[in-house]
Amino acid sequence: MIGILIFKSTRFYGYLGLLLCSLMSAHAQERKNNVFGAVVNEKNIFIPYAQVSLKNSLDSNTVKTVLADSLGNFGFAIASGKYLIEVKSMGYRSAYTVTFEVTAVSSINLGSIALQIEPTQLGVVTVDAKLPFIERRADKVIVNLNGLGSGAPLMEVMNQLPGVTVDASDLISLNGKSVQIYIDGKVSALSADALSGLLKGISSAAIEKVELISQPSAKYDAAGNGAIINIIRKRSYKGGLDGNVYAGAGKGTYGKANGGVNLNYKGKGYNLLLNLDYNYNKYFYNTDIATNFLDDAGTVVGESISKMKSTRAIANYTPNLGMDFYLSKRTTLSASVKPGFQTSWRDGVAHIEEVDVIAKSKSLSVFSNDVAVYAGNFSTGLRLQHQIDTAGRDLTMDLDYYRYANYNDQNNRTVSFDPFDDQPSVIAQDRILHVYAFKTDYVQPLGKGRQFEMGMKTSFVFSDNSNDFREGASHQNDLFDYQENISALYLTYGATGEKFSYQLGIRGEYTYGQGEEQSGKNSFNKNYFNPFPSVHVDYKLTKNHNLSLGINKRIERPGYESLNPLIRIINSNNLQQGNPALRPVLAYNADLWYGYKNAFYAGVTYSYSVDDFTNITVPVEDVVVTTLPGNADHAGYFTLQAMYGKQVLPWWYTSSNAILSKRPFKGEFDGILLQTDGRYSISATSYNSFLLHKNFSFLFLFNYRGKSVERNISNEAFAYLTVGVRQQFLKKRASVQLNVMDVFNSYKNKFQQNSGPIQQNWRNHIETRMVKLNLTYSFGGSIRNAKKVNGAEDEKNRSVVREN
């Protein structure tokens, strides 16, 4: 039924018609390149992104330089005269054409220019003229790794990037904001644990650059009031086999392991990619919860103290197969199949003490909780990319399917020393999600650094949830189904100049959602349309100084689990559940940055959120409480930041940042006003790497998080230190790295949650101190990412089921 509802809006039909007409009109336009050709290797296989320089035949001075497109094509629109062309590409000898003459009416097809492999190219390529470490664009910061990390796992390199931090739970943030991780321009479909395993398995030697997007433009899904980190993998375009292998092991209280292989085989007319990743982590996760129950006068009338010790283990398997078929020099059809499997278990025992202050009575109980989880995801997709001409006009279409299933079986028992109450219970929780998505994007260069881009996307989501609960002779089966459709259109226009660059964008998204609990007993509908403008401006004051401004509007839709009202058990006194009445958050964001020499940045950011999400705890019965998400009136987020990243000396690299932040908040829940002006909080991160000897280096990472107030939660301060050594060998194709994480075991996760009549203090003690050894080896060149096809972007990210 939901598949029909999208087309009820005539407005959507009008926008779609306008898009299609614009696409056909743009396709009919011709870019007047009067000199063009293609770059290939000795096997006549195209070489993408080669550097093509047009030179004056008289003095060999460079007139203009362009990069060939992804299919090796290039073109110039030039005045009459005599010229020659030089072509360069990493790993190949430079090639020159003969001199040719261009007249006012001529159009010259240079055909295929063949490059020969550099005969000494048997080891790792060494490039003396490296790209700058940091490049500032109107809408993003680009970090060219240039060997940063020297093959260390990418997760460990993340903390070395300006403004990026990774906490002890492997949650990544950018400039204090939560992030979505994209790989080669596509959002990852993995759960938080699987994504962590993947980033720990990817060698930094396989990464070309990382894009840090603090204010996403209209091109991206409007969902998520956070930042985007886009990881761009190196690509190998030479024929034959190349790839890398890696393995790692760790020991804290328990053992950890990871390993994998990435293979890329390129033949004439096709490319095959295979990635196999495995990650295993066993650890302890202990939780203490102290709950106070208050009367209307604010007096404590009851207390509950729960102390749970838990051991957990997670194993992720993520094979990935990708195929590229070059239908023509300008048309590529890509397909991918990516299954993923996760098995996990945890056992926990909680000692619970309940106090009735009025009656002056106390009771004790023990709650045991054994959980086994199997989660599987499967994604597949097709991408058709057509290079309309050599000027950069490009049309891309994606068709994707994604399935996520989480099967959770719990065995619980409460021992309260009352034989009538001590009944074991079993609960089976199943979460199944299907996502279908189609998107298309069109790029139209307009000359003189200007570019127009437009596209559309539509997705359909079907979420099925069930709780099967058994206790003694009683049996209860609860069901919740949710369906959602999101359709979007976007337009962006930008220009890149010598001093002034900008990008303007507008995105419109229409959302329809429908949920049913217990087969129609309770149901709800959601139906809304929102426009999302964006503005990005960059101005170079001088060669070394620049300013940039970003403004956008975003939406944060509730995760599918946040809408699910079915109960999830933490212990016998503490439950969690979703809230079907949860509304999306609309956020208005702005930031202003100053940059000096692509090394030092200082900026101020502000975000204002309407209907902001927060968690509140409410009573269920007696001393049993449940925590669920709710909407506040509004929340603010102000930061003042400074960051510095540079190769200071040949033997010393540093990346450090400091953030001063404050988060005011106001919300009313069940007639109870929760309001705070926040508090100023300081956070700082410093990564330093010292080259002590040829190919041998020492590194340390220091993280500090000051006391902070986020919405109705007050967090305690903490700091931790990680140190390590790295040795490279085999001409830097191989590396071994030994790290000691959280040397002083000082990481803390302590906070207080204010829910009006219920006040809670949480303390999570997580295994963070450990020793890790990582080995990587690359052969045949760099690798290529098999995850090329994925249009089901935000929907997958919202499917994540996080740990309690």
Side-chain angles (χ1 to χ4, degrees), residues 15-40 44-52 54 64-78 85 87 106-113 184-186 217-220 235 237 269-271 324-335 381-400 438-457 488-496 503 505 788-791:
Y15 286 161
L16 183 60
L18 175 61
L19 173 64
L20 295 176
C21 290
S22 300
L23 286 176
M24 291 186 289
S25 173
H27 191 284
Q29 298 177 23
E30 289 297 332
R31 173 74 170 151
K32 295 182 179 180
N33 285 321
N34 49 355
V35 176
F36 51 91
V39 184
V40 298
N44 204 35
I45 298 174
F46 65 79
I47 301 175
Y49 310 118
Q51 178 181 301
V52 185
L54 180 73
K64 185 182 297 185
T65 297
V66 299
L67 291 181
D69 62 23
S70 61
L71 296 175
N73 299 303
F74 67 88
F76 294 97
I78 55 179
I85 281 178
V87 182
S106 63
S107 179
I108 299 176
N109 184 353
L110 298 175
S112 297
I113 301 175
D184 288 336
K186 303 296 180 182
S217 70
K219 175 180 178 178
Y220 298 93
R235 286 166 163 77
Y237 296 108
Y270 67 92
N271 192 73
D324 297 329
F325 301 98
Y326 308 119
L327 305 182
S328 71
K329 286 188 175 181
R330 295 184 179 179
T331 306
T332 302
L333 177 65
S334 301
L382 292 173
R383 162 173 285 192
L384 183 66
Q385 182 172 7
H386 177 58
Q387 306 275 335
I388 298 173
D389 58 23
T390 59
R393 287 200 295 159
D394 184 273
L395 178 65
T396 304
M397 290 183 288
D398 292 278
L399 182 63
D400 294 278
F438 172 77
K439 67 188 291 283
T440 183
D441 301 279
Y442 174 74
V443 178
Q444 171 70 53
L446 300 174
K448 296 183 179 181
R450 297 172 299 152
Q451 180 171 289
F452 169 76
E453 189 169 351
M454 65 191 309
M456 61 85 66
K457 175 185 173 182
L489 293 167
Y490 79 87
L491 303 170
T492 66
Y493 174 80
T496 301
Q503 185 189 79
K788 295 190 65 177
V789 185
N790 178 6

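Both backbone and side-chain heavy atoms feed into the values below; hydrogens, waters and symmetry mates do not. Computed from a prediction, not measured in an experiment: that's the story for all the values here.
Atoms NZ and NZ, on Lys439 and Lys457 in that order, are 7.5 Å from each other to the nearest 0.5 Å. Between atom CD of residue Gln385 and atom CG of residue Leu333 there is a gap of 11.0 Å, rounded to the nearest 0.5 Å. Between Met397 atom CE and Asp441 atom CG the span is 11.0 Å, to the nearest 0.5 Å. Rounded to the nearest 0.5 angstrom, Leu395 CG and Thr440 OG1 are separated by 4.5 Å. Atom CD of Gln503 and atom CD of Glu453 lie 7.5 Å apart (nearest 0.5 Å). Remark: Ile85 CD1 to Phe76 CZ distance equals 5.0 Å, nearest 0.5 Å.
Every residue meeting the side-chain contact (heavy atoms from CB on, under 4.5 Å) condition with Thr331, not counting sequence neighbours, appears here in chain and number order: Leu327, Ser328, Leu384, His386. Every residue meeting the side-chain contact (heavy atoms from CB on, under 4.5 Å) condition with Gln51, not counting sequence neighbours, appears here in chain and number order: Ser53, Thr65, Leu67, Lys88.
The two residues Ala218 and Gly505 come nearest to each other via the heavy atoms CB-C, 3.7 Å. Residue Val443 comes nearest to Pro445 through the heavy atom pair O-CD, 3.9 Å, listed as atom of the first residue, atom of the second, then distance. Nearest heavy-atom pair across Arg330 and Ile388 is NH1-O, 3.0 Å. Heavy atoms only, all atoms of each residue included: Tyr326 and Tyr270 are closest at CD1-N, 3.5 Å. The two residues Ala38 and Asn73 have their closest heavy-atom pair at CB-OD1, 3.7 Å. Of all non-hydrogen atoms in Gly37 and Asn109, the two that sit nearest each other are CA-OD1, 4.3 Å.
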If you apply the rule side-chain hydrogen bond (donor to acceptor under 3.5 Å, both in side chains), what do you find for Thr396 with Asp398, and how did you get there? CA-CA 7 Å; Thr396 304; Asp398 292 278; over 6 Å; no
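With contacts defined as side-chain heavy-atom distances shorter than 4.5 Å, the pair Ile108/Leu110 qualifies. A heavy-atom distance below 4.5 Å is not found between the side chains of Leu491 and Tyr493.
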